Every structure is written in structure tokens, then in C-alpha cells.
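Every number for a ligand or one of its atoms is a count from 1 in the order of the listing. Please read all numbers here as calculations on a predicted model, not as lab measurements.
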Amino acid sequence: MDFKKMTIYQIYIKSFYDSNDDGIGDLKGIEEKLPYLYDLGVKMLWITPFYSSPMYDNGYDVADYLSVDKQFGTMADLKSLIAAAEKFDIGIMLDMVFNHSSTYHSWFQNALKGSEEYRNYYYFFKTDSPPTNWISKFGGSAWEYVEELDMYYLHLFHKYQADLNWENPALREKIFGIVNNYLEMGVKGFRFDVINLISKPDVFEDDDKGDGRRFYTDGPRIHKYLREMNSKTFGKMPGIVTVGEMSSTNIENCKRYSNPNGDELSMVFNFHHLKVDYKDGEKWSLMDFDFIELKRLLFTWQVEMQTAGAWQALFWSNHDQPRIVSRFGDDSYHAEAAKAFATALYFMRGTNYIYQGEEIGMKNPGFTSIDDYKDVESLNYYKILSEKGVPKDEILKILSEKSRDNSRTPMQWNDNKFAGFSKTEPWIKVSNSYKDINVENQVSNANSILGYYKRIISLNTEDLFAYGDIVPILENHPSVLGYFRILNGQKVLVLTNFYPESISLCFDDLSLGHDTKFEIVLSNYPHEDYGLKEDISLKPYGAIVLQIS
Ligand code: TEU
Ligand code: CA
């Protein structure tokens, strides 16, 4: 299937399904759940890293790209999963972490032992103090001193995640070899972790205006490296789907990353729309989301990427983001809000990415103790904010809304103990909501959140939603997000109320004639609730997709 019609499902392996009851999700667990995923209608599974790792960042610190960590299974399990998924017409997308490796990787270990060859796989500098004032994305300096070499090395993330030196052609060849290895194994897609950070500047200098990101984000040779990887690996095979995770990127670069020639990547993730609840750009703060800004960002990207023929990955959630229903929604309208947010985003122009549990409306777990948190970034910031003197209960409140662990709690399969994820105590606490919110509760109910997601996934295989133009409307409306999708005279209107107050739009607001005929394609309230005579009424978190003639 054309990737423009596909829905891709993200699996955070550690929390998806535990097949051997050791409290940790695994590859076999994914294979067991293939019938569920097939029934959902998704065509590709993005699986977060399962390679050998000391797990300081839950696998995003890779110690050996070509082996499976034993807590997740074996290479034989991976091959078995690829083959089994293919029978369901589902492709496997691997998560490749090439901006950095674990410091436990043999390359880094060889460097520490004095090998110059391997030292050049990383950024080591001999200086008296950290080479620059750059700040790591997980807090603290981006440089770590190693006594063995009397040198500093660069780590944009955790100190156990050392940045790889893409300027070195030998390193690049190693990386391309890894990609080719998995292509030969039958993998059908790749998600490249923070791939727009791989090209570092020629000169390392202090940033007097920020944390250093402006020097290495969308860096000087980034497009060259992506084109090289493309031509030497996945570009040689037809139909491979690639998505780049682009950290703090801009539209101009994204147009090139996903250009219609296809010589870089199929599509790109950006995160600007998920910073609309950051106070002054600061993640570790609390603020209501800015709805007008959310629309401005989504629509600017939609229109500009469309004009350039570039392609977006559409998503509300992933393993780094809090749950969308908790973030933008309202508990008293849980199901309505879950369906509304899905409607607003997933009919836009782009490929839909659904994060495990989103399709049943999973919520933030509301952890109240620091002992419940496992994520390295959350624990780092707990320390940093404590040292700044922020009161403990305030930090815990911030974590309960911002921590990455909010989306990492076990998948809620049923209302058994541990939510049917495992028979043993899982590695991270199950959210209390599992008694009400679980797959078993929803799977045979077409009106459930899960039923609604199935409809969305199926509708997205239609040409109109894959190839149609998007025309945003109501940009300044305080509570409704709206747009048209248009293809060959076919026209659909998508409207979503993002708030718990009912609202009514008259046809004139929508530039629709009074004799317009509507056919309801999808809605999250009974048809009669929408009016559709003089105006269109939207109940709390009401959403509708209308075919117009
Ligand atoms: O994340 C990249 C990234 O910058 C974030 O989403 C990050 O978690 C956020 O900025 C912190 O506030 C990717 C992976 O998705 C993430 O899980 C890894 O920890 C990170 O790269 C390092 O590999
Ligand atoms: Ca397990």
C-alpha cells in the first residue's frame, strides 16, 4: 500500500505485551497481538529499540545494533515476527538510533582503550574545560570528561549516549551496513531517531544565545548524509518507508528531507504543535494549551508542505509525550475528546501514526510519588528542579503532566490484574484507569473509541484523504478546528470542537450555500445532534466529517 494511505502503529515494546511474564514486553508479545493489529487496520508497526543496551534510556542507548537485547527476546524472535506480520500484510519499521551510541558499544569501548580509529567515531576533544557551553537535552552539560583519555566527549542526550561522528566516512559505512542488514532480513521501514542532529558544525563554539542547538540542528551536511544513506541503503529497494524524527527543525529543511524526488526520506515528524503548552518554550512548566497557536502551527505546516509536495507524519502521541486526552481534553468527556482529537488531526494531509493505547483513549497515570518514575529525563529534571528550590509537590505536579512515563505505562488489554499486560508486576506501574479503559471493553463495540479509530484508519485508505488538497478555515475561531479536503471535485469538510462548551456555526461562516447537501461520513455524536439545516452544531468535543455536494 502507498505510504500515503497507511496508518502506522507505534509500539513501545517494553510496555506492549509481555509473553513470558517477567514484567517486560517483548518481541513474542508483539507477534501474539498481530490479530488485534490486523483487525485495527494498521499496515506497519514502528517498534521502539530492542537492541542490546544497558538501558539508561530504555534502549535509545544502543550497545550493539545487530543483536536483540535478551529482555526483549532473540534474533529468531525478530525474524519470526517479520514473517508472521507479513502474513497479515503488516510491515515492520525499525527504530534506528544513529545520532549516538551507548558508551557501552564496542566502538566507544575501543576508543577508551586508546584506539584512534574508534576515537574518530565520536567527538572527543582535549581541552581543560568542556569545549563549549552546550546543554544536554536531558539537562546538564553536553560534555563528559573521561579520565582514560583526559578528554571530553559530546553527548547531546544522556552521558551514556555519546554522539557519533558522521563526518567520518568509516562510521557512515558501518551505519549503512546495519541498515542493509535489516533490509535483507525483510524489514519494510525505518524511523530514524533525531536524525537531523547528526551533522555537527565545523567549529565548536559557545552559544551566547541558547543551549547550542542552533549549531547542530539541521546541520551543515545533513542533506548530503541523508542522500548518501538513501542511495546506499533503502533507496535501492522499492517501497521502503522512512520517517525522520526532526528535533527543533524548520519547514524549509523538512521540505527537503521529504522532497517529492524521494532522495532523502519518505516523511518527517516535527514537534512544534506539541509545544503549545510550554510556558515561554519551557517544557518543565504548567500552562493551558494555546489553541490558536496550535492551529496556526498545524495549518502553516500543512499548507507549506503541500505546496512543496513534501510529506508529513501526523501524530498526537508517542513514547516521549504525555497522553493527548489528558493533555488537551477533559475527563468528563473522555471518549468524546479522544475521538475529537483524532478527527481533527488524522484527516489532514500526511501519514497517521497511532501510539499504542491511544486507540482506546489511555490517559496519563497520575503518578504521585517520585518512586513511580523510571525515565532518565524525568529523574534528571526532578533533581534539577529540586536544586533550584522548586517545592517537591510542585515538581511532582509538573512531572504528572509532562513526564515521558505518562505514555509508557503498560498497554491496557483487559481488566485483569496488571491490565492483561503480564501476570507479574510490570517494570512500571499500570495506570489505575485500566478497569474502565481497556481493549476488551471496546473491541466489539463500534461506538467505542477503538471502533472510531478503526473507521478513521479505514477511511484514510481513500484517495481523497491520501491525495486531496487541504484548505484550512476558521483559523481564528476560538474553539473549532476546521478544514476542507478536496480532490477532483470531491469535497469533504472536517470540523472539531476542542472545548467542553457547545458551539454553533452558520453556513455563511463556512462559505457554504444554504442549499448545500451533506452526507455524514463520520461523527462522534448521533447525527441529529448536528442540526445541519441552518447551521452546524457541535456538542462538547463534537466532531464531524461531512461529504459536501
Ligand atoms: O527523542 C528525541 C527528543 O529530543 C525528544 O522527544 C526528547 O525526549 C524530548 O526532547 C525530551 O524533552 C528521541 C527518542 O524518541 C527518545 O525516546 C530518546 O530518549 C532520544 O531521542 C534520544 O535517543
Ligand atoms: Ca517479557
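- A cation-pi arrangement is present between Lys14 and Trp427 under the rule of less than 6.0 angstrom and at most 45 degrees off the ring axis.
- Taking backbone and side chain together, Asn20 holds an N, O or S atom under 3.0 Å from the Ca ion (ligand 2).
- With the Ca ion (ligand 2) as the vertex, OD1 (Asp22) and O (Ile24) define an angle of 90°, rounded to 10°.
- With Trp413 as the aromatic partner, Lys33 meets the cation-pi criteria of under 6.0 angstrom to the ring centre and within 45 degrees of the ring axis.
- Side-chain polar atoms of Gln321 and Ser407 form no donor-acceptor pair below 3.5 angstrom.
- Comment: Asp280 does not engage Lys275 in a salt bridge, judged by the lack of any side-chain N to carboxylate O separation of less than 4.0 angstrom.
- Between Lys209 and Asp207 there is no salt bridge, since no side-chain N of the basic residue sits under 4.0 Å from a carboxylate O of the acidic one.
- Of all N, O or S atoms in Asp26, the one lying closest to the Ca ion (ligand 2) is OD2.
- Protein residues with any heavy atom under 4.0 Å from ligand 1: Asp57, Tyr60, His100, Phe138, Phe157, Gln161, Arg191, Asp193, Val194, Glu245, Lys283, His319, Asp320, Glu377, Arg404, Arg408.
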- Message: Assess the residue pair His105 and Tyr118 against the criterion (side chain to side chain donor-acceptor pair (under 3.5 Å)); give the C-alpha distance rounded to whole Å, side-chain angles, the decisive distance to 0.1 Å, and a yes or no.
- Response: CA-CA 11 Å; His105 196 291; Tyr118 286 105; over 6 Å; no
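- With 3.5 Å as the limit, one finds a donor-acceptor pair spanning the side chains of Thr249 and Asp218.
- At a threshold of 3.0 Å, the Ca ion (ligand 2) has no backbone or side-chain N, O or S atom of Asp21 nearer than that distance.
- Two residues are said to be in side-chain contact when any heavy atoms from C-beta on lie closer than 4.5 Å; Ser386 and Lys383 fail this criterion.
- Note on Phe72: not counted as a metal contact of the Ca ion (ligand 2), no N/O/S atom lying under 3.0 Å.
- Among residues at least two apart or in separate chains, side chain to side chain donor-acceptor pair (under 3.5 Å) pairs with a member in residues 164-180 are Tyr121-Lys174, Tyr123-Asn165, Glu167-Arg221, Glu167-Tyr225, Arg172-Glu228, Glu173-Lys232.
- The closest approach of Asp18 to the Ca ion (ligand 2), by N/O/S atoms, is made by OD1.
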